[in-house]
Structure formats: C-alpha cells, structure tokens
J.: 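One structure coming up, written as structure tokens, with questions to follow.
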Protein chains: 2
Amino acid sequence: MTQDYYQYPRHLVAVDCIIFGFDGENLKILLVERNFEPKMGEWSLMGGFIGDNETSDEAAQRVLNTLTGLENIYLEQLNCYTEIHREPTARIMSISYYALINIEKNIQINEKYSAKWFDLQNFPTLIFDHNEMVKDAVLRLRRRASTRPIGFELLSEKFTMKDLQNLYEAIFNEQYDKRNFISKINALDILIKTEEKDMTSSKKGSYLYRFDEDKYKKKLAEGFMFKI
Amino acid sequence: MTQDYYQYPRHLVAVDCIIFGFDGENLKILLVERNFEPKMGEWSLMGGFIGDNETSDEAAQRVLNTLTGLENIYLEQLNCYTEIHREPTARIMSISYYALINIEKNIQINEKYSAKWFDLQNFPTLIFDHNEMVKDAVLRLRRRASTRPIGFELLSEKFTMKDLQNLYEAIFNEQYDKRNFISKINALDILIKTEEKDMTSSKKGSYLYRFDEDKYKKKLAEGFMFKI
DNA sequence: GCAAAAGTGTTACCCGTACACCCATGC
DNA sequence: GCATGGGTGTACGGGTAACACTTTTGC
C-alpha cells in the first residue's frame, strides 16, 4: 500500500522577513509599502512565496537579496503562521524569518520597493499578522543575543566598546554600567583589540575591536558558552 | 493591481509530532511503525497532512488525538522543515510539534497504529529527517524546561520530590544534589504539599505535592520568573 | 535491629552589581 | 585650561554548590 498524495490539499506557503538593523543608537526594522492589493499602500514585512525548487531558507535569502542586493545574510527561521484567515484573499501559510543586517553595508535598497527603516520603538501598524511576527521576532532576538554572539552581525567589522554597549542596550532595552559591561565582554575573551581608534566620537578617540570568530569557534568546541 | 495567486505553486504540508513521556526514571518518546510505503515497517514520528480547514496546531492535536485518544495535550510548534527531497516520493514540508504527555493517563493507544514507547537514550533510527526533528525537540524541551514549569505536564497530578528530581535529571541528563534541588524548588514556592504520602517507594513514605497553577499565574503576573 | 529511602542546614566560594576618578586630546 | 568622552579597579552581598547525618518503618 502506498500513500496517495493526490487526496491531500496543497497550500500556498510564503516567507516573511523581519529585517533588523542598528544605526548606532537604536534598533531598526526595514519595512516595505505594499504596491499590490490587498492592503496596497500599507506597511508590511518583505515576503514572497516559496517556489517548487527552493527551500524556505532559500526563499528567504532570495527575498532579502531582491530587496537589498545583499548575499549571505544572517537569517534564522522563526515560526510558521497557519491561521486559515490570516490573509483575507486566500489561505496562505507563512514562515517567518528574522534577518540581521549591517545598515551601513546595505547601501542600495531596490527602488522597485518602497522600503524604509523604522525605529523599532515606533513603527506603523502592519498588515495581517505581521505585528505579531515582529513581536515574536524581537523576543527571539533577545533570547539569541543573550546566548550567541549574533550582535556582531548588526555592527560593522570594527566597532568600539561604546557601539557594542549601545547595541545590547537597544536589544534588551536596558541601561548597563560601562565598567561592568566592558569587564564582562573582556572576560568572554572573543574580541581582538586593534591598534586603530575611532576619532569621530571624541577627542581622545576610542579603540576599535573586531569579533574573533575563529577564537570563538575554538572556545565553543572546548565547551565555552557565550553569555551576556 | 491584485496579486494573482494562481501563478504560485502549492505545497503538501504535514505536521510531525515528537511525543515525550516520562516513566518515573527516563524520558520516553512515542514512535509508530509505518504501515504504508515508502519505508513501511520502519519507525517514524506520528504525523499527518494539514487540511484546508485546520491550522497546523489543530492538525497536530488531531493527529495526537487519533493516536492516543487524549485531548488538550500540551503542544508547542517547533520548526518547519522544507528541504525539497526530505521525503523521496513527493515534496512535503513538515511542521514539527513536540508534545508532553503523562504516560499513566495515556491508557489506550489506538491499535490501528503500532506505537511504542522508546527510551530517549536508545531508540531506533527513524525515517527521513525525523531523527533531526527529535534532536531539535530535545534541545527545545531543555530550554523550555529551564524557564517554564512544563515539567508537570509529564508527571501525574500528584508527585513526590524524588519524582520531580528524577524528571529534571532525565531532561537535562545531569545529577543533582537532593538537598539543593529541594530547596531550589521550595524557594520557587509554586507547589502544594499534600497530606498524602506515596508508600510504594519506601517504608517511611514520601509526601506528595501538586503544582499550584493559580499561584504560579499570580506570581507570573507580578513579575516572577520560573528558573531551574 | 537493620536495611532503605526520606528529610533536613550550614558553610564557602564565585559571580554580579554598585560605584568614582583620572586620562587624553582638540579647541 | 577646560570641556568631552574614554578608560580603569574594588568592595560588598546574594545565590549557587558542596557536603553528612538523623528519621521512619517494614521486614
């Protein structure tokens, strides 16, 4: 006996991307203005349907690449939303992904889409269940950021301690003591202090650091746990 | 301009359930022997296709109900697996769910399915990507168990401290000091100590406890965080 | 009376947190 | 020389982890 697949319904399945960025002070989210019905003109997450010859991960990368031109973006699958009437015109399941991108690298946003960075503390109401998706994504971002060194995806290759602290303060929406934060980071021992200084923020200048990915991986293999 | 949904492919979407149980000593997983091709006779997770008029959550509950007769099972969505050739005969996406059930309550497993409880430390190789699903589910179970009082789903309504400790030792695959464990649990202050004793395990007998869900919810609302 | 599991407190160490002053430089 | 942000060390307290003996009772 072989199972007959023709008796089972088939579904439209999309991906929707929650794209996070960081401008040095605040967490940002990249939204697009819909240029088709339904809900044309309203703000939404960037999304697209999953094709026959791509996985959902690939679909999400494709969607992001179409919008930003970037490749190999940090991307993680979140949830699958399957409410029957989550979209009014058809039953569409959607797998949400969150992406972390460095705003500075992201020079050219495809003009075909009216996309805009919004402050995560203050962005418009989105279509369908996209607000729920964003809420879930923020929670996941916080969880991940506390146990994995994903914050560096949001920064440039070189950054100051102040940048890093600002980033974590934005992610967790909390203020930290400078001395405690720095000694915590130094205790992790996964940064390289360069000889260079960032002179834009002060007269003294502040040292630039890089994330030492090789060292991190080595320590991981030895049982090290990132924790912040 | 309206988007034309007919141009997009439709997909078979299934749910697969990782069903955890606890026998007082070890974590168990409920597996079924496939009675249809492909891979007939091999062990797999219990699954089923998502219908047109049900959400994935509902499909997972339906699948579990079909197998065990139980209703309102603790269930959480895990991941969506979308590799194109994850099943050999057709492209099928699968949303995995993990379920926690009390083995003792689960008196009648549907005889239509050859289902069997296996020790989580020692169960057969499963079909397709089901082993990966189980691995992911165990990790999620550990994360959840450390921050939510989900362990009680796996125990009977009344349980001894020893039961609880055995459960957490099984989940985290670690040994704990009895005194430290008990004082940690007592500090949480979310259990009710009953007058009854379980006399089966010793001559002295050990007190039975119940999870105080109302108290837990009240404390949650006041900012309490479960942590173990 | 003895075997077998239940139940119970104290101490030491570590980590997290609070906290304030000097440094380097451009203007 | 002064204003601005950068960089550094210590002390205290709370919580976690290590640790052993007494109690109960059925046989």
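In the text below, chain A, chain B and the rest are named by the order of the sequence lines, each starting its count at 1.
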J.: Calculate the interatomic distance between B:D177 atom CG and C:dT8 atom C1'; express it in whole Å.
T.: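 Between C1' of C:dT8 and CG of B:D177: 12 Å.
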J.: Please evaluate the base of D:dG7 for a donor-acceptor partner in the side chain of A:K178 within a cut-off of under 3.5 Å?
T.: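 It does, because a donor-acceptor pair links the side chain of A:K178 to the base of D:dG7 below 3.5 Å.
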J.: Round to a whole Å and report the spacing from NZ of A:K227 to C1' of C:dC14.
T.: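 After rounding, the reported distance stands at 16 Å.
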J.: Take the protein atom CE of A:M199 and the nucleotide atom P of D:dG6, then report the distance between them rounded to whole Å.
T.: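 So the CE-P distance, A:M199 to D:dG6, works out to 11 Å.
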J.: Please determine, for the side chain of B:S201, which listed nucleotide (C:dA6, D:dT8, C:dT17) has the closest atom?
T.: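 The listed nucleotide nearest to B:S201's side chain is C:dA6.
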J.: Would you call the rings of B:Y168 and B:F181 parallel, tilted or perpendicular if under 30° counts as parallel and over 60° as perpendicular?
T.: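 The arrangement is tilted - the two ring planes meet at 30° to 60°.
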J.: Expressed as a whole number of angstroms, how long is the span from A:F181:CZ to D:dG7:P?
T.: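 Computing the A:F181:CZ to D:dG7:P distance gives 13 Å.
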J.: In whole angstroms, how far is the P atom of D:dG13 from the CG atom of A:N180?
T.: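 In whole Å, D:dG13 P lies 16 Å from A:N180 CG.
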J.: What is the distance, rounded to the nearest whole Å, between atom CD1 of B:I182 and atom C1' of C:dA6?
T.: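 To the nearest whole Å, that distance equals 8 Å.
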J.: Starting from C1' on C:dT8, measure out to NZ on B:K162 and report it in whole angstrom.
T.: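 Roughly 16 Å, once rounded to whole Å.
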J.: I want to confirm an ordering. Mapping A:S202 and B:K203 to their closest nucleotides on DNA chain D, which one lands closer to the 5' end?
T.: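 Comparing both residues, the 5'-ward one is A:S202.
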J.: Taking the side chain as C-beta and beyond, is there a heavy-atom pair between B:V134 and B:F123 under 4.5 Å?
T.: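 In short, these two side chains touch, coming nearer than 4.5 Å.
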J.: Report the residue (A:S183 or B:S183) whose heavy-atom-nearest nucleotide on DNA chain C is the more 5′ of the two.
T.: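 With A:S183 and B:S183 compared, the 5'-side residue is B:S183.
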J.: Measure centre to centre between the rings of A:F152 and A:F211, then say whether the value is under 6.0 Å.
T.: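 Yes.
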J.: Check whether any side-chain heavy atom of A:M161 sits under 4.5 Å from a side-chain heavy atom of A:Y209, and report yes or no.
T.: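 Side chain of A:M161 against side chain of A:Y209, heavy atoms only: contact under 4.5 Å found.
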J.: Rounded to the nearest angstrom, tell me the gap between atom CG in B:L164 and atom C1' in C:dA6.
T.: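 It works out to 15 Å between those atoms.
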J.: Record whether the side chain of B:K204 comes under 3.5 Å of the base of D:dT23 through a donor-acceptor pair of N or O atoms.
T.: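 Result: at least one qualifying N/O pair found.
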